[in-house]
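Below, each value reflects all heavy atoms present in this structure, side chains not excepted, and no hydrogens, waters or symmetry copies. Order of the sequence lines sets the chain letters (A, B, ...), proteins ahead of strands, with each chain counted from 1.
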There are 2 protein chains.
Amino acid sequence: MPVDDSQLDRAFAALGDPIRRAMIARLSRGPATVNELAEPFPITTQAISRHIQVLEAAGLITRTRDGQRRPCHLVPAALEALTSWIDEYRLETERRFRRMDAVLATIKEQEK
Amino acid sequence: MPVDDSQLDRAFAALGDPIRRAMIARLSRGPATVNELAEPFPITTQAISRHIQVLEAAGLITRTRDGQRRPCHLVPAALEALTSWIDEYRLETERRFRRMDAVLATIKEQEK
DNA sequence: CCCTTGATCAACTGATGTGTTGAATATAGG
DNA sequence: CCTATATTCAACACATCAGTTGATCAAGGG
């Protein structure tokens, strides 16, 4: 499954804000409306509404309709795409480190 | 090991830029100097130098000295801290989905 | 000792992000 | 119907970001 580059831009950038990360944490425990998400923060509902739009544009959340409410839902697959991207390079680095350790061990052995 | 909130801000925000992600990808294959990292991109070395500073401030890379060169090295543990953060909430969401599926299955069973 | 190379600093520009206030829209409910 | 509630839109202020050019600094090599 191809991960659009600009979607990665938006998703990682979205997580770069502590308010949006707190919203993600909240949504992991279940859906929430704009007002519910706004409650813990000392900023206006409008500002929260825009944070939500950022998360939605990043594909990290989706929204449904419940009368006049617009509940937000976390999209675990979007989070998984991010960890996959990171892990690819983390694992490559760790493999490289292990290879280098092996080489150093061999050299040390030969010096004996 | 406690992950400073502002470090998460910086690290996720750093990955929100495609040039910096490409640098991460490059560094997963081994250390590289500023000029080496700049080579693929059509922007000035100064701009690259600042991207590197952003990655370093985020804790994603470290730098050593080799004469007049300043090689960059990826820090896999920093990447791991990010996947850990994401996975916590992704896994919680998936557990919740499974619980809900179970409830729905029970209801469906009772309807028979 | 000079000149080149690798890298950074400083100042400036234009774009983007995050917050505000005030107005608008839409649904709920008496 | 009319009002309250949930949410969003629009316009603005302010800060931060990503790029530029030009100058500076430090290490190497002839």
Side-chain angles (χ1 to χ4, degrees), chain A residues 4-27 30-74 82, chain B residues 4-27 30-74 82:
Chain A
D4 186 356
D5 218 54
S6 67
Q7 280 295 96
L8 279 184
D9 289 1
R10 282 191 271 268
F12 278 125
L15 294 184
D17 184 290
I19 290 184
R20 287 192 291 259
R21 279 204 310 284
M23 289 174 158
I24 294 287
R26 164 64 186 82
L27 290 173
T33 67
V34 177
N35 278 330
E36 285 166 355
L37 287 172
E39 195 272 324
F41 304 107
I43 63 177
T44 62
T45 311
Q46 292 95 313
I48 297 293
S49 181
R50 294 223 308 218
H51 279 299
I52 290 173
Q53 286 170 24
V54 170
L55 290 171
E56 190 178 20
L60 295 172
I61 67 172
T62 57
R63 316 193 64 181
T64 51
R65 182 167 277 286
D66 170 25
Q68 62 193 140
R69 320 269 166 84
R70 306 289 311 281
C72 302
H73 309 259
L74 204 48
L82 301 186
Chain B
D4 186 357
D5 218 55
S6 68
Q7 279 296 96
L8 278 184
D9 289 0
R10 283 190 272 268
F12 278 124
L15 294 184
D17 184 290
I19 290 184
R20 287 192 291 257
R21 280 203 311 283
M23 289 174 161
I24 294 288
R26 165 64 186 82
L27 290 173
T33 66
V34 176
N35 278 330
E36 285 166 354
L37 287 173
E39 195 271 323
F41 304 106
I43 63 177
T44 62
T45 311
Q46 292 95 313
I48 296 294
S49 183
R50 294 224 304 219
H51 278 301
I52 289 172
Q53 286 170 24
V54 170
L55 290 171
E56 190 178 20
L60 295 172
I61 67 172
T62 57
R63 315 193 64 181
T64 50
R65 181 167 277 286
D66 171 26
Q68 61 192 139
R69 321 269 166 83
R70 307 289 310 281
C72 301
H73 310 258
L74 204 48
L82 301 186

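- For B/Arg63, counting side-chain heavy atoms from C-beta on, the closest listed nucleotide (C/dT18, D/dT8, C/dA7) is C/dA7.
- The residue among A/Gly67 and A/Arg20 whose nearest nucleotide of DNA chain C lies closer to the 5′ end is A/Arg20.
- The base of D/dT7 is not paired with the side chain of A/Gln68 by any donor and acceptor separated by under 3.5 Å.
- OP1 or OP2 of C/dT8 sits under 4.0 Å from a side-chain N or O of B/Ser49.
- Taking side-chain N and O atoms only, B/Thr44 has no distance below 4.0 Å to OP1 or OP2 of D/dG19.
- Looking only at distances, no side-chain donor or acceptor of A/Arg26 sits under 3.5 Å from a matching main-chain atom of A/Glu36.
- Proximity of B/Ile43 to B/His51: side-chain heavy atoms (C-beta onward) are separated by under 4.5 Å at one or more points.
- Atom CG of B/Leu15 is separated from atom C1' of D/dA18 by 17 Å (rounded to the nearest Å).
- If you take NE2 of A/His51 and P of D/dT7, they are 16 Å apart, rounded to a whole angstrom.
- With B/Arg65 contributing its side chain and B/Gly67 its backbone, the two residues share a donor-acceptor pair below 3.5 Å.
- Between B/Ile43 atom CD1 and C/dT13 atom P there is a gap of 20 Å when expressed in whole angstrom units.
- B/Glu36 contributes no side-chain N or O that forms a donor-acceptor pair with the base of C/dG6 under 3.5 Å.
- When only modelled atom types and interatomic distance are considered, B/Gln7 and B/Arg10 share a side-chain donor-acceptor pair under 3.5 Å.
- Computed from coordinates, the A/Asp9 CG to C/dG17 P distance equals 11 Å when rounded to whole Å.
- Rounding to whole angstrom units, CD1 of residue B/Ile48 and P of C/dT8 are separated by 11 Å.
- Scanning atom types as modelled, one donor and one acceptor separated by under 3.5 angstrom connect the side chain of B/Arg50 and the base of D/dG19.
- Atoms CD1 (A/Ile19) and P (C/dT18) sit 9 Å apart, rounded to a whole Å.
- Here C/dG17 presents its P atom at 14 Å from CG of A/Leu55, a figure rounded to the nearest Å.
- Taking 4.0 angstrom as the limit, B/Asn35 places a side-chain polar atom (N or O) nearer than this to OP1 or OP2 of C/dA7.
- Rounded to whole Å, the distance from CZ on A/Arg65 to P on C/dA26 is 10 Å.
- Side-chain atoms of B/Arg20 do not come within 3.5 Å of backbone N or O of B/Leu15 as any donor-acceptor pair.
- No donor-acceptor contact under 3.5 Å links the side chain of B/Arg70 to the base of C/dG6.
- Residue side chain A/Gln46 reaches the base of C/dG22 through a donor-acceptor N/O pair under 3.5 Å, judged by distance alone.
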